[in-house]
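Here the structure is laid out as structure tokens; the discussion comes afterwards.
Residues: numbered from 1 along the sequence shown. This is a predicted model, so every value here is computed, not measured. First listed ligand is number 1; within each ligand, the first listed atom is number 1.
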Amino acid sequence: MFNHCVEIPSYSSSQVLLLKELDRTLAAVNEAEIAVAREMILLARRVFVTGAGRSGLALKMAAMRLMHLGLVVHVAGEVTAPAIGQGDLLLVASGSGTTAGAVHAAEVARNVQAQVLVLTAAPASKLGQLAQGLIVIPAATKQDHGGVRSEQYSGALFEQSVLLVMDALFQVMWHERGESAEQLWKRHANLE
Ligand SMILES: O=P(O)(O)OC[C@H]1O[C@](O)(CO)[C@@H](O)[C@@H]1O
């Protein structure tokens with residue numbers, strides 16, 4: 001039940017809140033962890049991405065950009081995704097680090113000697129412990145309703161941060177590869 005005595009924030013104040021939270025959270029992401037993630041992505045034979053709900057959707061956006069860079073990328077669970085194996089990388093996003101599908105996928109990947117790179121707000125979680133590479137995003141997890149790490153609903157700050165962390169990493173890798181936007185554009189889907 002909503003408490004109607006609570007002041008309803010305006011659209012613009014909400015926008016400011018989001019930007020402040022993102023600024024603070026992204027500034028706290030460890031650059032050494034990003035460097036390791038970059039290495040793991042570039043060394044992988046193929047990259048698989050997975051995550052539940054909005055966390056998975058944010059990684060699907062990142063997966064598209066990695067494909068635009070010319071990497072071989074699969075979204076786990078899609079009908080065309082092959083088996084993951086040795087030399088592959090599983091990129092998993094889970095704020096809580098406890099979502100069953102995400103943990104299971106990481107276990108499968110480890111069992112077949114694939115590498116596991118995790119973006120999470122909970123590095124001590126089961127998923128965090130399965131990771132060989134970790135990007136810790138100090139945001140609220142989906143059931144952290146305390147409002148301290150974020151005033152946004154559920155895992156929104158984590159999910160937004162996943163997209164921005166991966167887009168920033170894409171920006172680095174794009175310029176390192178020295179390809180023009182026109183060259184990347186040739187890899188864009190032409191059946192959409
Ligand atoms: O990031 P987690 O903790 O794995 O949660 C997965 C997803 O579950 C949800 O709560 C519901 O889809 C999303 O907000 C979140 O992205």
query = Which residue holds the protein heavy atom closest to atom 1 (O) of ligand 1, what is that atom called, and what is the gap in Å?
reply = Ser55 OG, 2.6 Å
inquiry  = Please give me the minimum heavy-atom distance between Leu69 and Arg177, naming the atom from each residue.
reply    = O-NE, 3.2 Å
Val103 to Gly97 - nearest heavy-atom pair and separation = CG2-O, 3.6 Å
task = Classify the ring geometry between His74 and Phe48 as parallel (under 30°), tilted (30 to 60°) or perpendicular (over 60°).
result = tilted
request  = Might you check, step by step, whether the distance between atom 11 (C) of ligand 1 and some protein heavy atom is under 4.0 Å?
outcome  = no
note = heavy-atom search around atom 15 (C) of ligand 1 in the protein gives Glu159 OE2, 3.3 Å
key: ligand 1 atoms in contact with Gly53 (distance to a heavy atom under 4.0 Å)   = 12 (O), 16 (O)
query = Within the structure, does Gly95 bring an N/O atom to less than 3.5 angstrom of an N/O atom in ligand 1?
reply = yes
ask   = Quick check: are there more than 12 heavy atoms from other residues, nucleotides or ligands sitting under 6.0 Å from CE of Met64?
value = no
query = Quick one: nearest non-hydrogen protein atom to atom 6 (C) of ligand 1, plus distance?
reply = Ala52 O, 3.5 Å
message = Side chain, backbone, both or neither: which applies to Lys142 and ligand 1 if a contact is any heavy-atom pair less than 4.0 Å apart?
response = side chain
note = On a heavy-atom basis, the closest approach of Phe170 and Leu184 is CZ-CD2, 3.7 Å
ask   = Are any of the N or O atoms of Arg54 closer than 3.5 Å to those of ligand 1?
value = yes
ask   = Who's the nearest protein heavy-atom neighbour of atom 3 (O) of ligand 1, and how far?
value = Ser96 OG, 2.6 Å
ask   = Considering residues, nucleotides and ligands other than Leu19, do more than 12 of their heavy atoms fall under 6.0 Å from its CG?
value = yes
key: Under the ring-ring contact (aromatic ring centres under 6.0 Å, His included) test, residues paired with His175 that sit two or more places apart   = none
